[in-house]
Amino acid sequence: MQVVVLAGGLSPEREVSLRSGRRVAEALRTSDTSIEVTERDVDATLIQQLCEHPPACVIPLLHGAAGEDGALRDVLHALRIPFVGSSAAAARLAFDKPIAKTIIGIAGIGSPDAIALPHSTFRELGATAVLDAVVASLGLPIIVKPTKGGSALGAAVVREQADLPAAMVGSFAYSDVALMERLVTGTEIAVSVYESNGVAISLPPVEIVPPNGIYDYNARYTAGMTEFFIPARLSQSVLDQCAAVALRAHQSLGLRDWSRTDLIVDADGTPWFLEVNAAPGMTETSLFPQALASAGIPLGELTGQLVRTAIERGA
Ligand SMILES: Nc1ncnc2c1ncn2[C@@H]1O[C@H](COP(=O)(O)OP(=O)(O)O)[C@@H](O)[C@H]1O
Ligand SMILES: [Mg+2]
């Protein structure tokens, strides 16, 4: 059985994706010798290769645009190739942070107050007037982040209004729309979800303690820099609430196979939804594989099961 792991691509998270791809491919090879796993980057020869030698299944592990905004999944669907993970439509909803916040808000999940503004609004209305209105509404501190991004690239905490313009510029470097969101102080938690026989199951919540409070790119991918606690050091009832938020996010956005929800639990024990990832990182330091290991489930075994499910589901 031929399986193609798609990793790399042109997003700023290319290196992360390659590491995720390598990790999953190796785990799958080791766990199931009946599966022949090929790792493949995304380039102009991909479609031709997939058409000439259609694999039984593709595992898209592309982060950022193309991988998570649905485009590549739509192409796989058009080629009638089964793939592991969420449909293009669901991935697109999850990848757009303000849209995901709106949908999960309708499902009754709280996320921090936020304002999303495209670059053009600043030109049309004047940057100073717009930023004054944002600060008057949200207060400070806030975090500015690209609406479509990942790995905290282009994200910056703003504690004083004087620092806001630079943060906006940093965010616009990654995405045309910037999300300005109230900064929640508390415990950062990631809850991974996987599906087994069509049932979504949450994995033990992982507590993330980055060196400077924000789980930024270096804190994520430098081994030993961030401390993790599994399960998180919170009461069982708060852990249950976090799991419920992740399951509700997975279901209300129509996600499939696997996802990871990022949350902050405030001092009152209230979990605040930040975002949900349709293509969770799978590197050595990533949260999904850590949560899976803590539940005693080998990554290769889960991936093999999801491959079989995807093949049965068909294109
Ligand atoms: N509203 C917020 N309050 C506090 N910290 C936040 C908030 N939003 C984001 N962060 C921090 O920034 C990081 C990246 O934000 P996130 O929304 O998960 O985007 P992504 O992981 O896609 O870059 C989080 O892991 C967290 O450390
Ligand atoms: Mg995140």
Side-chain angles (χ1 to χ4, degrees), residues 11-13 16-17 20 62-65 67-69 91-102 104-105 109-116 134 137-159 167 170-171 173-175 177-193 205-221 225-228 232 242 245-246 249 253 255 259-268 270-283 285-288 290-291:
S11 90
E13 289 176 280
V16 180
S17 168
S20 290
L62 298 151
H63 304 313
E68 284 179 271
D69 78 352
R92 204 169 270 133
L93 294 178
F95 190 52
D96 191 311
K97 289 183 172 75
I99 290 185
K101 280 162 70 83
T102 303
I104 61 105
I109 299 169
S111 75
D113 286 346
I115 295 175
V134 167
S137 167
L138 295 177
L140 289 172
I142 58 173
I143 184 161
V144 179
K145 53 191 176 183
T147 52
K148 297 180 180 184
S151 290
L153 292 167
V157 172
V158 173
R159 297 185 188 280
S171 175
Y174 288 91
S175 177
V177 186
L179 184 67
M180 289 150 278
E181 189 172 73
R182 188 173 63 78
L183 191 79
V184 183
T185 313
T187 308
E188 179 153 2
I189 301 288
V191 184
S192 301
V193 168
V206 181
E207 175 183 346
I208 302 154
V209 187
N212 61 5
I214 294 292
Y215 191 35
D216 63 14
Y217 194 88
N218 284 334
R220 283 173 201 228
Y221 305 115
M225 201 160 182
T226 295
E227 263 192 292
F228 301 98
C242 291
V245 168
L253 288 160
L255 296 173
S259 71
R260 193 198 72 233
T261 293
D262 297 339
L263 311 141
I264 306 248
V265 176
D266 70 14
D268 298 333
T270 303
W272 294 89
F273 170 93
L274 298 183
E275 61 143 359
V276 58
N277 300 276
M282 296 289 181
T283 72
T285 54
S286 291
L287 299 152
F288 190 101
Q290 288 193 60

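Both ligands and their constituent atoms are indexed starting at 1 by order of listing.
For the Mg ion (ligand 2), the neighbouring protein N/O/S atoms at less than 2.8 Å, given as residue and atom, are Asp262 OD2, Glu275 OE2.
By the criterion of a heavy-atom distance under 4.0 Å, the side chain of Lys145, and not its backbone, is placed next to ligand 1.
With atom 6 (C) of ligand 1 as the reference point, the heavy atom nearest to it among Leu287, Ile143, Thr147 is part of Ile143. With Lys97, His63, Lys148 as candidates, the residue nearest to atom 22 (O) of ligand 1 on a non-hydrogen basis is Lys97.
Note on ligand 1: Arg220 sits in its first shell, one or more heavy atoms being nearer than 4.0 Å. Using a 4.0 angstrom heavy-atom cutoff, Ala155 does not count as in contact with ligand 1.
A donor-acceptor distance shorter than 3.5 angstrom exists from the side chain of Ser11 to the backbone of Glu13, with no hydrogens or angles considered. Checking side-chain atoms of Thr285 against main-chain N and O of Arg220 turns up a donor-acceptor pair under 3.5 Å. Formation of a donor-acceptor pair under 3.5 Å by the Arg92 side chain with backbone atoms of Asp69 is found in this model.
Interface atoms of ligand 1 facing Leu183, defined by a heavy-atom separation under 4.0 Å, are 3 (N), 4 (C), 5 (N).
By the salt bridge (Lys or Arg N to Asp or Glu O under 4.0 Å) test, Asp262 is found to be paired with Arg260, residues two or more places apart in sequence or in another chain being considered.
Put simply, the side chain of Pro271 does not reach to within 4.5 Å of the side chain of Ile189, judged on heavy atoms.
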